[in-house]
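Since the structure comes first, as C-alpha cells, the remarks are kept for the end.
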There are 2 protein chains.
Amino acid sequence: MSGQKIRNMEEFAALSGLSRPTISKYFNDPASVRSRTRERIEEALARHDFRPNIFAMNQNRSLTKNVGIVVPYLADPFFAEIARIIERRCIDAGFSPILYSSHGQQKLEVEILEGLTALKPAGVFLAPLGRLSDRSAVERFCRDVPTVLFDSNIEGMGEAFVGSDNVSFVQQTVDYLCRSGTPPCFFEMRTPANPNANKRRNAYLKIMADAGLEPHVIQVDGEGWGFEEIGRRGMHRVIDAWPLPTNTVLCSNDRLAIGVLAACYERGLRIGRGEGCALRVASHDDHPFSRFTCPALTTAAHEYELVADKCMTTLFSLIEAGGRFSTREETLIPARLILRASA
Amino acid sequence: MSGQKIRNMEEFAALSGLSRPTISKYFNDPASVRSRTRERIEEALARHDFRPNIFAMNQNRSLTKNVGIVVPYLADPFFAEIARIIERRCIDAGFSPILYSSHGQQKLEVEILEGLTALKPAGVFLAPLGRLSDRSAVERFCRDVPTVLFDSNIEGMGEAFVGSDNVSFVQQTVDYLCRSGTPPCFFEMRTPANPNANKRRNAYLKIMADAGLEPHVIQVDGEGWGFEEIGRRGMHRVIDAWPLPTNTVLCSNDRLAIGVLAACYERGLRIGRGEGCALRVASHDDHPFSRFTCPALTTAAHEYELVADKCMTTLFSLIEAGGRFSTREETLIPARLILRASA
DNA sequence: GTTGGGAATTTACGCGCGTAAAGAAAAATC
DNA sequence: GATTTTTCTTTACGCGCGTAAATTCCCAAC
C-alpha cells in the first residue's frame, strides 16, 4: 500500500528487481515462473498494488479471459439465479464474466452479440430469446465465438447445449398428479417465445396418450415476458367458462402458475389437494418464489447447480479443444419433483 | 456485407478513400467530420462492416465510454428491474453499460469495484451493499471513478445519491392504514443490511409519535438476502405468540411481506380489509411480484422510471463536470401509494 | 478570381503490453 | 566440478489506435 503509483509493467519490473517479460509471464500464469521469483513478485505486489492495463493486455491477444453470459430476460428470477451461479463459477475459475440481458428484444440480443464479439471472449454462455432470436445473427456469432447454448436450444447452433430435460419435467409432474388424483389439463401460452414450452406441451400430449388418457390443452393469449399477468388474465377467462375438463391444472411454468393462483384467489377458488379445494395446480421450474405462493407450489425443479456445473465444464473443455467440438454436444438434465401444498 | 474482412482502421481508411485519423475522428464523434465525409464513411461501413478494436481504442484514452452498474443482489427483482431501465438508458445515450451484482458479499463487491476501476469507466452507478460494504474500499473507488450512488446512501461517498424518500414511503402507507382502520405495527428484520430499512423504521416511529399513537416494532431474526423466508419464519413466530398488538402489519419491504403472507396462508389467517379477515398487511417497494400475491399487496411504489432518469441525468452532468461536483447532490424521490386487496 | 477558414491529410510519436529469439545465469543432475 | 536443464534477462518488434503539429485541400463568401 506504500510508495508511489506504478504507471506500467516496466516500472513495476524495476521495483521488483526483475525484467518486464518475466512480470508479463507471471501475470499470464503465476505457475510459469520459479517459486522464488513468484515470491519476489508477490511481495512487491503487496507493497505497490500494481495491476496490468487490461486494454493493453487484451489487444495483442487472440483470446482473452473474458466470458460472456447472455440471458433473454434478467428480471426473471430464474435467469437471475442461473446467471448468478455461472458467474460465481467463472470467477472462481479465473475468468472475467460479463453479464448481459436481451430484455426480451431481438434487436438488443443482436447488439449484445455483436458487442461481445469485439471483446474476443474465451467463450460465451448464451441463453437465446428463442423464437424471437435472429437466427442468422446467432449463427454468425457462434461461428466467431466458442459458444455453449443453455436453457433454449436452437438446433445446430453453438458447439453444445446444456438444458433441462423437458420430458423428465412433465413426466414427473404428470405421473404424480395422475397417481394422486385426477389427470391434469395443460395450461400454457398460445405463442410461447421459449422452445421449452413447445417441448413441454408435446411431452404432455405423448405421456397422456401413452397412458391412454385424454389430453386437454388450455392456451391463453399474450405476448412478452409478463407471464404472471398473462396467466392471471388467462385463468380468469378459464374460470368465466367454468367448468374445467378436470380439477387439476398443470402449468407450463411457474410464472404462469403464479398468475393462475392469483386469479383463483381473486375468484375465491381454494387450491390444493385437501377438502373443499376446487383445483389442484402444479407447474415446472421451481422458480425462486414458488415456495412462497399461496398455497406453495408443487413443481418440477431445475437442478440449478448441476446445470451451471455442466455449463462450466462444457465451456472449459470447449476452450481447451480450441473452440470447436467435432460433434455438437447436448446435455439434458432431469427434473426433481418438489411436492408442496398446491397439488 | 461484401468484400474481405477488414483488419484495422488503416485498411478501412484506404477502402473508404480517407485517411486513418479522419476515420478515427468519425468514430469518436460522427458529427465532428463534414457531412460529405460522414456519408462516405457510412457507405463504406455498410459495405464492409468494420468495427474498431475496443482494446486499442481504450488503451490510449483516459476515459472510455464504459459505464458500470453495480447492484447488491441481482436475483432480487427490484434490482433487476432498476438495472434493466438504467442499462437501457445508457445504451440509448451511446454508452456501454456493464452490469455487476455483488451477490450480497462484501468480498465480491470489493473485487467488482477494483476490476471496474481498471476499465476506466466514464462513470459508475453504484448501489452498495450497505452495512456490509467495505467503506474504505468504496471510498477509494469513489475517489478514482465518477460515481453516483443509488438505492443505499452511504454518507459522503460518491458525488451524488439518488434514492427513494423513505419518509414519504412510510408516511403514505401509515397515513392510509390509519385512516382506513387500525394503526399499523411495523414488521422488519432485526439487523437489516440495507440502510433504507433503518430510515423506514425511524420514519414509522416519528410519524406514529407525531400522531400521538403508540408504535409497535416487530423485529425478526435472519441474515442474508432470503427475505421471503425470513419474513415467513418470523411471522410464524409472531402467530405463535398471538395476539398481535394491532390487526394491521406494515412490512419494511415487499419481500418480507411476501413471506408474511405465505405464513398467514399456512396458518389459515385471512388477509385483507373485508369481513372475516384477521389481518391487514401492507408494505413498501412495489416489488414486481407484489401484484400477484394472495391477496395482492397494498404497497408504496418506487417510481422506477423517475429514479432511473434522475440517475442518468445526474451521471451525465457529473461526467460533463469532469467527474466532480462542488457539493454532493442528494435526490430523494417520493413514493406512489398502490392500493390493492391486502390492506 | 481572390481570399479566408474550416476540414482533411500527412507525418510522427506514444500507449502498455505480448511475444519471440538469443544469450546469461541459476539450479539440478551426474 | 563439469554438464545439462531450467529459468531469467536482454533486445527488439508488433499490435491498433489516439493524438498533436504542420501542411494542403476544399468550399463558400466577398
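Just so we're clear, the structure is a prediction, and the values are computed from it rather than from any experiment. In the text below, chain A, chain B and the rest are named by the order of the sequence lines, each starting its count at 1.
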Do any pairs count as a salt bridge (charged side-chain N to carboxylate O under 4.0 Å, His left out) and have a residue in [range], sequence neighbours left out, and if so which ones?
{"range": "residues 15-40 of chain B", "answer": "B:E10-B:R20"}
{"range": "residues 54-80 of chain B", "answer": "B:D76-B:R255"}
{"range": "residues 112-129 of chain A", "answer": "A:E114-B:R51"}

Return the set of residues passing salt bridge (Lys or Arg N to Asp or Glu O under 4.0 Å) with [X] (not counting sequence neighbours), or none when no residue passes.
{"X": "B:E159", "answer": "B:R324"}
{"X": "B:E303", "answer": "B:R336"}
{"X": "A:R328", "answer": "A:E330"}

Can you measure [X] atom [atom1] to [N] atom [atom2] for me and round it to whole angstrom units?
{"X": "A:I6", "N": "C:dG16", "atom1": "CD1", "atom2": "C1'", "answer": "14 Å"}
{"X": "B:I54", "N": "C:dC17", "atom1": "CD1", "atom2": "P", "answer": "19 Å"}
{"X": "B:N53", "N": "C:dG18", "atom1": "CG", "atom2": "P", "answer": "15 Å"}
{"X": "A:M9", "N": "C:dG16", "atom1": "CE", "atom2": "P", "answer": "11 Å"}
{"X": "A:M57", "N": "C:dT19", "atom1": "CE", "atom2": "C1'", "answer": "13 Å"}
{"X": "B:F55", "N": "D:dC17", "atom1": "CZ", "atom2": "C1'", "answer": "14 Å"}
{"X": "A:R51", "N": "C:dG16", "atom1": "CZ", "atom2": "C1'", "answer": "16 Å"}

Residues 310-323 of chain B side chain polar contacts: donor-acceptor under 3.5 Å, at least two apart:
residue	atom	partner	partner atom	Å
B:T313	OG1	B:D309	O	3.2
B:T313	OG1	B:K310	O	3.1
B:T314	OG1	B:K310	O	2.5
B:S317	OG	B:T313	O	3.2
B:S317	OG	B:T314	O	3.0

Give the C-alpha distance, both sets of side-chain angles, the deciding distance and a yes or no for salt bridge (charged side-chain N to carboxylate O under 4.0 Å, His left out) between B:R84 and B:E87. CA-CA 5 Å; B:R84 184 177 70 83; B:E87 201 180 353; over 6 Å; no

Between side-chain atoms of residues 106-113 of chain A and protein atoms elsewhere (two or more places apart, or another chain), which donor-acceptor pairs fall under 3.5 Å?
residue	atom	partner	partner atom	Å
A:Q106	NE2	A:L132	O	2.8
A:E109	OE1	A:S133	OG	2.8
A:E109	OE2	A:L129	N	2.8

Take the angle between the ring planes of B:W225 and B:Y73 and call it parallel below 30°, perpendicular above 60°, tilted in between. parallel

Selected nucleotide, minimal atom distance to B:Q59 side chain, candidates D:dC8, D:dG16, D:dC17: D:dG16

By nearest atom, which of the nucleotides D:dC17, C:dC17, C:dT10 is closest to the A:N8 side chain? C:dC17

Under a 4.0 Å threshold between the charged nitrogen and the carboxylate oxygen, would B:D144 count as salt-bridged to B:R140? no

OP1 or OP2 of C:dA8 less than 4.0 angstrom from a side-chain nitrogen or oxygen of B:S19, does that happen here? no

Contacts to DNA chain D from residues 23-30 of chain A, heavy-atom cutoff under 4.0 Å, which residues? none

By nearest-nucleotide position on DNA chain C, the 5'-leaning member of A:P52 and B:V33 is B:V33

So, the side chain of [X] versus the backbone of [Y]: is there a donor-acceptor pair under 3.5 Å, distance only?
{"X": "A:N28", "Y": "A:S24", "result": "yes"}
{"X": "A:T64", "Y": "A:N66", "result": "yes"}
{"X": "B:S101", "Y": "B:L74", "result": "yes"}

Listed pairs, N/O of protein and of nucleotides 25-29 of chain C, under 3.5 Å:
none

Under 3.5 Å, which protein N or O atoms sit close to an N or O of nucleotides 22-24 of chain C? Give each pair with its distance.
none

Pull out every protein N or O sitting under 3.5 Å from an N or O of nucleotides 12-14 of chain D, one pair per line with the distance.
residue	atom	partner	partner atom	Å
D:dG14	N2	A:N60	ND2	2.3

